Structures are given as structure tokens and as C-alpha cells.
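Please read the structure below before turning to the comments.
All chains are named by letter (A, B, ...) in the order of the sequence lines, taking the proteins before the strands, and each is independently numbered beginning at 1. Just so it is clear, the structure is predicted and the values come from calculations on it, not from any experiment. Computed from heavy atoms alone, side chains included, the values below leave out hydrogens, waters and symmetry copies.
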Number of protein chains: 2
Amino acid sequence: MTTHPTLIGGAWRDPRPDAPTLSPRNPATGEFLPDSYPVSTWAEIEAALHASHEAKVELAGQAPDVIARFLEAYAAEIETRADALVEIAHLETALPREPRLRAVELPRTTGQLRQAAAAARERSWRRATIDTKINIRSILGPLDGPVVVFGPNNFPYAFNGVSGGDFAAAIAAGNPVIAKANPGHPGASRLLAEAALAAIAASGAPASLVQMLYHLQPEDGLRLVSHPLVGATAFTGSRRAGMALKEAADGAGKPIYLEMSSVNPVFILPGALQERSSAIAGDLFGSCTLGVGQFCTKPGVAVLLAGEQGDAFVQAVAGLMAGHAPGVLLSERAPGECAAAVATLQAHGAEVVVGGTAGDGPGYRFASTLLRVSGDRFVLNAPALQTEVFGPVALLVLARSQEQMLAIARSLEGNLTASVYTHSQGQDDDLYDRLEPILRQKVGRLLNDKMPTGVAVVAAMNHGGPFPATGHPGFTAVGIPASMLRFAALHCYDNVRSHRLPPELQDANPTGAMWRFVDGEWTHR
Amino acid sequence: MTTHPTLIGGAWRDPRPDAPTLSPRNPATGEFLPDSYPVSTWAEIEAALHASHEAKVELAGQAPDVIARFLEAYAAEIETRADALVEIAHLETALPREPRLRAVELPRTTGQLRQAAAAARERSWRRATIDTKINIRSILGPLDGPVVVFGPNNFPYAFNGVSGGDFAAAIAAGNPVIAKANPGHPGASRLLAEAALAAIAASGAPASLVQMLYHLQPEDGLRLVSHPLVGATAFTGSRRAGMALKEAADGAGKPIYLEMSSVNPVFILPGALQERSSAIAGDLFGSCTLGVGQFCTKPGVAVLLAGEQGDAFVQAVAGLMAGHAPGVLLSERAPGECAAAVATLQAHGAEVVVGGTAGDGPGYRFASTLLRVSGDRFVLNAPALQTEVFGPVALLVLARSQEQMLAIARSLEGNLTASVYTHSQGQDDDLYDRLEPILRQKVGRLLNDKMPTGVAVVAAMNHGGPFPATGHPGFTAVGIPASMLRFAALHCYDNVRSHRLPPELQDANPTGAMWRFVDGEWTHR
């Protein structure tokens, strides 16, 4: 058994000999993996904070080119390590090697890093704004300290604190990152951090641009996000952990961006149900069980009209679920958490149609599960019946009327997404027009005739939404350059002499290509 | 004595007969003014919240034209009431009728409203982003509830909760406003709310687009900003009150934007001191005593080198202050608060050079006051010596070396602004280059050879800065359209059929003029 060092100050640093350590398990077998990873001390955390500030000072003269070079070198280093990364992530998460890890998540991750590199180099994201007559100029710049990134367990690369979307956005915006590896995949995080360190060397980036810790005492996590030297925090994970970190960061006036729970409601309007019930049942089943239901955008609640067609839809989805062997869940705790969440739904009136128990087979499993509940019950117990189940579980809500479908929409909390399935020839247009304004205020992304899983990394994406889906309805965690705006401060220059301005705010456009807002016009000038 | 009704649900609503009431005082005499204003009950606050949501529903089909018409009508209604507004604001605040109230603040206020109207109509602020190939489109839209605006005491029009910059930004972004009038100028707020009501009638805007309450029980203020029906809160005022509201709002996941304390440090570099000591002393004196020192951007701390030239500068500023009759402060509490803050500075090593006591004359006054402290002391007691004094008081810090000037800069908290005075021929360039990166991370607006008072309403302005100056370093309270971004949610549409998209996201540009970010290019197409 090897106890691995942490990445602090540009070098791998051995833990104290008496440091507590943790080993991950293989979810497919439940067995411990051989390597162990230390719990960092507060002194180590402080060392990382101070090293981040050295990196900030070094960056000041070099950005954005060195940042772009680093991000590109990092993507390349990840690709050269693809075999090892796929192998260890598969052992730690039980996610399939193919296509998920190698063909889907890995290219997504390197693609994000390269998009972030391009945005950093191109600089339009900084929204340089110049009022020439009064000589006031402003631009988005880095925060006053590093960004701490807590990654979730469900994407060992694409949302990893040391390589994922938050990481790429924070770095591209000019901030050093202190990554907190998820305890579910420390080995994948370690290989990624090695790739990052190689990319730092190859690109000439500051040694402490990227640092990584594996485990923190809970109280140290709270101290870290509220520390005066921190710039901001990004967290993806459970509502409980997120809210604890939020309270600490908020109290210290430190920005924190959270992606927490979401049930991603799907409304199936009557015309659509009549027109293509079976296809929608297949869509819902597929989206709900993709990644064993462990996506933030998993559709956890679907709403349709009660009646014969509604019952047939329930049976169609149930049939698909009954014939589906459950995949392996990510963590030892997951089956119990699924069972507890299902019990909560049952306690508030939902009935299990199929599944509802731990799944067959070795390792961590939970049966693909469908529950149903009446619209009356849902409206009555709306908060409890929106309990997120992080697994292959969906709740169908059978409304007694179109009016009740609207009442159900009104009872929803903030979510990342909502989907509305509608008749292809406009038969549902009236109901859509009444439903849309309600849902629009409650979600970040509104989908039409499409399931919410699959979050494209494009400029117009919003992977965000009102609380409690996230902590602020104005920001997205996916999509470049929008996701970078979370990690930027607004820097205004008033009457500052020309040669002292950053190049991006001088009269001449430094690249001849970056977009700037000059005297009320977006221009390449 | 008249007890005035509150503006709830589009009509003036009488308070309960047993409602507690408060009357403002005339700061120039200390005497109570004849009218009184009620403390609202929680039931009244809830009525306002529900009425706001009716206004939201009405707005949905009408914005942005009705909003632009309302804002323009409001500006005109204010102008027709200018005489009465100047008179009552002068009585309530003792601010000079001319030029301050009539010639400066009133036109600024109507100008902001008209700028906001133009931005709402023009729509570029919404940053419509379209990825045509994948058919994902996003746009900034209104929040899921009204914006609550708490205005400060020092601008009865331009930052008033019912007419000021936060108000204009929130309305222009499509949100109803619930204004909490500042207790210092309820009469001015009342006249403004009457103008708003007339503008609602003239423009056909929803009756409850603007509502106003005068006084809240403190616990009701906390309940309000954390209420599920609230969209966001904007607050300008003391750090103590701001932090209490922030804690409540944060805990409920409700965005809150705060503008709190700032000492706006001014660094006078050695070359500048040698070149034009007397002019800079005049600038500092003027900026520090403008508005009797009651501006958020008042320069409260100035840093220069100790020595003969430093002493001469101290004497020059002291001479100007000694010859200056203090103006009238805004509130009964102000003289005592100034005295207490000066005592705090003294307790931590600052010496009073001139002033330091309540001023002569009737009403609320505090002598124009200059303190000095060594750089050694400042670095040692940096937090206490950054105590904001909301009055005509400045602290000069005499540093023993250029290195110590940098150390002083490092010891500063987040501020709205910092100013650096430099030699006109480049003699200070080396020191500037070392100082600038430190200050840049600590302030929203960095000025060169200019004092910070005077906040132009232009696109590139940043009236914001890192905590504790505000609650988030990425946003500004002044400057259109940037200030509107605080009150917007990001709304993404994924695969939504064209006829269901808002006009701003359909293929054809609805105005032919709004800027949109289409496939990576800003365009009017």
C-alpha cells in the first residue's frame, strides 16, 4: 500500500507520518483499492494558499498567453495518459471504459480545456468596455485569490476539481486553483494532477498554478472557503455539504458557486402523450438510467395527465425498467441513500411501480425504479416529493387536470432544467403557453421535446438555475466563456494614463480580434 | 401632523390606526418635521410581495416597451415635481437646494432613469447568445420575484430605493421593485413614489410595478430579504445593517447586493508630492469635505512619505480644514458616530491635527477633521485604522519608506476605489508599477491623479469592489447596462421550437439593432 503525497507549491509533498489516510473502494466489488491518500493538515492547506498567491504574482506579467499554453499542454498530457486514466477511473468509479470514459468523458474534458485556452488567448470574455470621452475603462480580471474547486463523484475527469469545467473556467480567467479531489476517485485525480504538473513545466506556467489536496477535515473545508486569501469557491455535490460551505463562505464575503440538487422535471403534455407515448417512455427511461441515474440533469420527476394513456405510459416505462439490469453505482453509500430517498417518497404518498430495492449483482447497486403519485398528493407534499434520488429512479406524477399540471409546476423548487414534451402539430400550444412562464422562472435551461441529460459545452449553454439548484440564478457552470464570469472581478480604470492600462484597455486593440465594447458598440477595433 | 399611507398594490394604503410611526428631523435645526410615516406590519409586507407577483405576470407580455415608457414617464413626472422635491429633500437632509439637489442630483436621477429606459428598449444588455447549429439559445431575463431596494440616507433621489440607480437597474431588467424608504428622507421618497404612481398610470405599466414602505421592524427586514417570493435585494448603507441582511438572504439562497463601507485610499507618490503638493492638498480637502464627507467614495485615508514634504502636506490640508466651516450632517446620529469613529482611530495611534469635535452652529455638525498616523502604527493596527468615518474626516498615513507604502497597501481591506497620484513626467513610474498590482486586487475602480468622489453614470463605470466594500467583486451598482446584470437570471432554451422563443432569440433580430452573440460573433443581425 502506497500513501500518496499531495500537490502543494509545485511539488509532491509527503504527508506527515501520522496523517490519517483513506483508500477508495472499487464500486463493482466493494473491495478497497490498494493505494491510500492522506487527510491534509491545516498547515498544509495554508501552505497551498500562500503558494497560490506566489503563482498570482508570477501570472500577472505573463497572462494570458502562458495560461493558454498551459491549458493546451494539459489537454495533450491528459491524452498521452489516456490508457492509465481510463483504467484507474474505471476501477474507482465502475464507469464503463468504453464508450463513457475513453470516448465520451475524456474528449469532453480535453475539449473543455482547449476551449478555455482559446477563450483566454482571445480575451473577448473579459468584456473590455471603454468610454473614450470620459476616459473610464473597465475589464474583467482575476479574483484576489485562488479558486478552490470541490469536484463531484460522478465525473472523474469532466467535473474533476483538477481538470473539469470549473477548473478550466477558473484557470482561464487567470486564477490559480486549489483542487479538492473527490474521495471517490483520488487515483484518477492524482494522474490528472501529474499531467497538470507536466503541463506547467512544459508551458512555463507558475509552479503553484494548480495544487491538489485529497481529504480535508470538515472544519478545515469551512475554514478554507472562508479564508481571507481565497478568491472564490466552486462546489458540485450534495445540498447538505454545499449549504455548509455556502454558510461559511457567505459569512466571510467570499463568492461561492454551488451546483446542488435538481430533479429536472419533465412535463409530458396531453397531445404529445397521445401522439408518441412509447417514444417518450423510451426517452425518459434512457435519460433516467444513463450513467446509472447519477447525473445532475437526470429527469427525476415527470408529470402527465392521469387516465388510460397515463397508466399506459407508466406501464411502458415500468416495463423498460423491469427489463433493465441496474449498473454499478459510484459509492458505497449510494444504495442506502437511494433506498432512503425512495422511502421518503413513499412516506409522502408515492407508490413503487417497479424496483425500489438494492439491485442484484456484486458491488453497489440499486434496481431501476419507477414510482408514481397522484397530482393531489404531489401538490400537498411538494417539498418532500422533490427529494433528489441520485440513482436510476424516477417519479411519475399523474395530474387530474391541466390546471393541476400548472399547480404542480408552481410547487417546484429551483431546478437546473425542465423539459416540456409537446404535440408536433401544435395541439399542446395553449397549455405550453400557460406552463412556460411558470417553468421559465424556476429553471436555468428549458428544453422542448428533449431530455435534459447531455450538457453541451457551447456558448449559449446554461448549466445553472435558481436556488437550491445552484446558489445564484445568473451564472452557469458549463459553457465557455460564460462559466468564466464566475471567477472574475470587475476592474475599472478612471483617468489612468494610457501606458499604465492593461493592453486590452489601451486605445489600440491588442490582438486586432478581441471584441471590445467601445462607446456603446461591440467592435474588433 | 399627517401620518402618510404606504404604497402597496398600486394604491396608497392607510396604516392600521395603532401602527407606530416615525417623523424625520430637520438636520439643520434638529427639530422634528410635521409629517409622520408608519412602521409596516408583516401582513402589509406580504401583501406587497404578492402584489409584485401579479405585476410580474402582467409584465411578461408587455416588456420591454412598457418598462421603457414607464421609466421615461417617471423621469418627466419627477421633473414636473422638481420644486416640491427640492424643498422637502432640503428640509429632510439639509443638502443645499442649489446646486446639489436641483442642478446635480435631480438631473442625475432623471438621466439614470432615461438611460435605463433606453437600455431596456434597446435590449443589448440581455446578451442574447445563439448557437445555431445545436439550437441552444440563452438570454438574461428577470428574476423570479421582485427586487427589494434599501436606499441610503445620503442621496435622497439618485440612490433612493424608489428612484435611484438600483431601482432603475432592477426595473429596466424587468423586475418589480419594493422600495424601503430611508428614514432620513421619507417625504422626498413619498413625492417620488407619487411620481412613480403617476408614471404607472401614464405608461400603462402594472399597478404594482413600484411599491414603497417607510419603516420595517428589523426582524421583518430579515424576513423580507429571505422570503421565497423575493427575487433579490439591493442595499446601500452601513456594514452592520448590510451584514445582518446578507446573512438572512444568503441563508435562503436569495441574491443580495450590498454597498457598504469604504475608505477609498489615496496614495500620493513622492514625485507627485514634490511636484504639486499644494494642488493635491486642495484636491484631497475638496473631495473629503464634498457633501460634508458623506459619500461612499470619500477619500478617508491618504498615504504619503514621512519627512519635510509630508509634514508640509499635512499642514496644508490642516490649514484648509481649519478655515472651513463644517456643513450640516444628514442625521442626528451622525455627529456622535463621527466622534466615536475618530476616537477609535485615536485609540489605535492616530493623532488629531485639526478638528475632532462636534462642529459649531445649529443642527448636526462635526468639525472638518484631519488625523495623522505613522505607517508603522497603521500596519500594526490596519483593521481599526480603516474604520470608516461618514463625515468630513481624513486620516493621513505617513510612511517611512516606499516599501512601507506597499505594506500599507497590502494591509487594506476591499474598497470601492483607490487613487494614485503620480509625477507628471514619469518620476513615480517604478513605484506605481509595484503599487498598482496590490491595489488592483483590492478595489473596483482605480484612479490616477484624480479623487474618487464623482461617480459618472457610464458603461465602463464600476461602483463596486471586493468585500467588505460590497458583497461580490464582479458587479457594479452604477453604470448602465452593467448594473442591470445584478437583477437578471440566465435563461437558456434548448431545442425550443422557434415560435416559442422570446423574440430576442428567434433567428431574425427583433429590432434590427440589438447586439446579439451569434455563433461566436457580436452582431446586429
Side-chain angles (χ1 to χ4, degrees), chain A residues 57 60 129-131 134 136-138 140-141 143-144 246-247 250-255 414 417 422 432 436-437 440-442 444-450 456 458-462 464 466-468 471-476 482 485 488-497 500 515 517 520 522, chain B residues 57 60 129-131 134 136-138 140-141 143-144 246-247 250-255 414 417 422 432 436-437 440-442 444-450 456 458-462 464 466-468 471-476 482 485 488-497 500 515 517 520 522:
Chain A
V57 172
T129 302
I130 302 178
D131 289 311
I134 194 170
I136 297 181
R137 297 156 194 250
S138 67
L140 294 174
L143 297 170
D144 56 357
K246 176 170 164 39
E247 185 180 357
D250 286 341
K254 293 292 176 183
T417 73
T422 52
Y432 183 94
E436 197 267 357
R440 180 66 282 174
Q441 292 288 298
K442 292 181 176 277
R445 180 163 55 113
L446 186 70
L447 301 102
N448 201 181
D449 302 312
K450 190 180 174 187
V458 296
M461 176 50 66
N462 182 12
F467 184 85
H472 193 296
F475 294 102
T476 174
L485 303 178
L490 183 58
H491 289 167
C492 177
Y493 297 82
D494 187 343
N495 198 45
V496 172
R497 295 184 205 168
R500 292 173 175 162
W515 287 103
F517 195 67
W522 285 104
Chain B
V57 172
T129 301
I130 302 178
D131 290 312
I134 195 170
I136 296 182
R137 298 157 193 250
S138 67
L140 294 174
L143 297 170
D144 55 358
K246 176 170 163 41
E247 186 179 357
D250 285 341
K254 293 292 176 185
T417 73
T422 53
Y432 182 94
E436 196 267 356
R440 181 65 283 176
Q441 292 288 299
K442 292 182 177 276
R445 180 164 55 113
L446 185 70
L447 300 102
N448 202 182
D449 302 313
K450 190 179 175 188
V458 296
M461 176 51 66
N462 181 10
F467 184 84
H472 194 295
F475 293 102
T476 175
L485 303 178
L490 183 58
H491 289 168
C492 177
Y493 296 82
D494 187 343
N495 198 45
V496 172
R497 292 183 206 168
R500 294 173 175 162
W515 286 103
F517 195 67
W522 285 104

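A:I134 CD1 to B:M461 CE: the interatomic distance, rounded to the nearest 0.5 Å, is 6.5 Å.
Distance alone, capped at 3.5 Å, is enough to place a donor-acceptor pair between the B:N462 side chain and the A:L490 backbone. A donor-acceptor contact shorter than 3.5 Å is absent between the side chain of B:N495 and the backbone of A:K450. Between the B:D131 side chain and the A:A459 main chain, a donor and an acceptor come within less than 3.5 Å of each other.
No other option in B:G464, B:G253, B:S138 has as many heavy-atom pairs under 4.5 Å with chain A as B:G253. For the set B:E247, B:H472, B:R445, the count of heavy-atom pairs under 4.5 angstrom toward chain A peaks at B:R445. Across A:R440, A:E436, A:K254, A:Q441, the residue that shares the most heavy-atom pairs under 4.5 angstrom with chain B is A:R440.
At least one side-chain heavy atom of A:P473 sits less than 4.5 Å from a side-chain heavy atom of B:L143. B:F467 has its side chain out of reach of A:D144: every pair of non-hydrogen atoms, C-beta onward, lies at least 4.5 Å apart. With contacts defined as side-chain heavy-atom distances shorter than 4.5 Å, the pair B:H491/A:L446 does not qualify.
For B:W522, the parts lying near chain A are the backbone and the side chain together; criterion is any non-hydrogen pair under 4.5 Å. Proximity to chain A (any heavy atom under 4.5 Å) is restricted, for B:P466, to the side chain, taken from C-beta onward. The contact between B:T422 and chain A is made by backbone and side chain atoms together, counting heavy-atom distances below 4.5 Å. The contact between B:A252 and chain A is made entirely by backbone atoms, counting heavy-atom distances below 4.5 Å. Proximity to chain B (any heavy atom under 4.5 Å) is restricted, for A:R137, to the backbone atoms N, CA, C and O. In this structure, chain A has no heavy atom under 4.5 Å from any part of B:A60.
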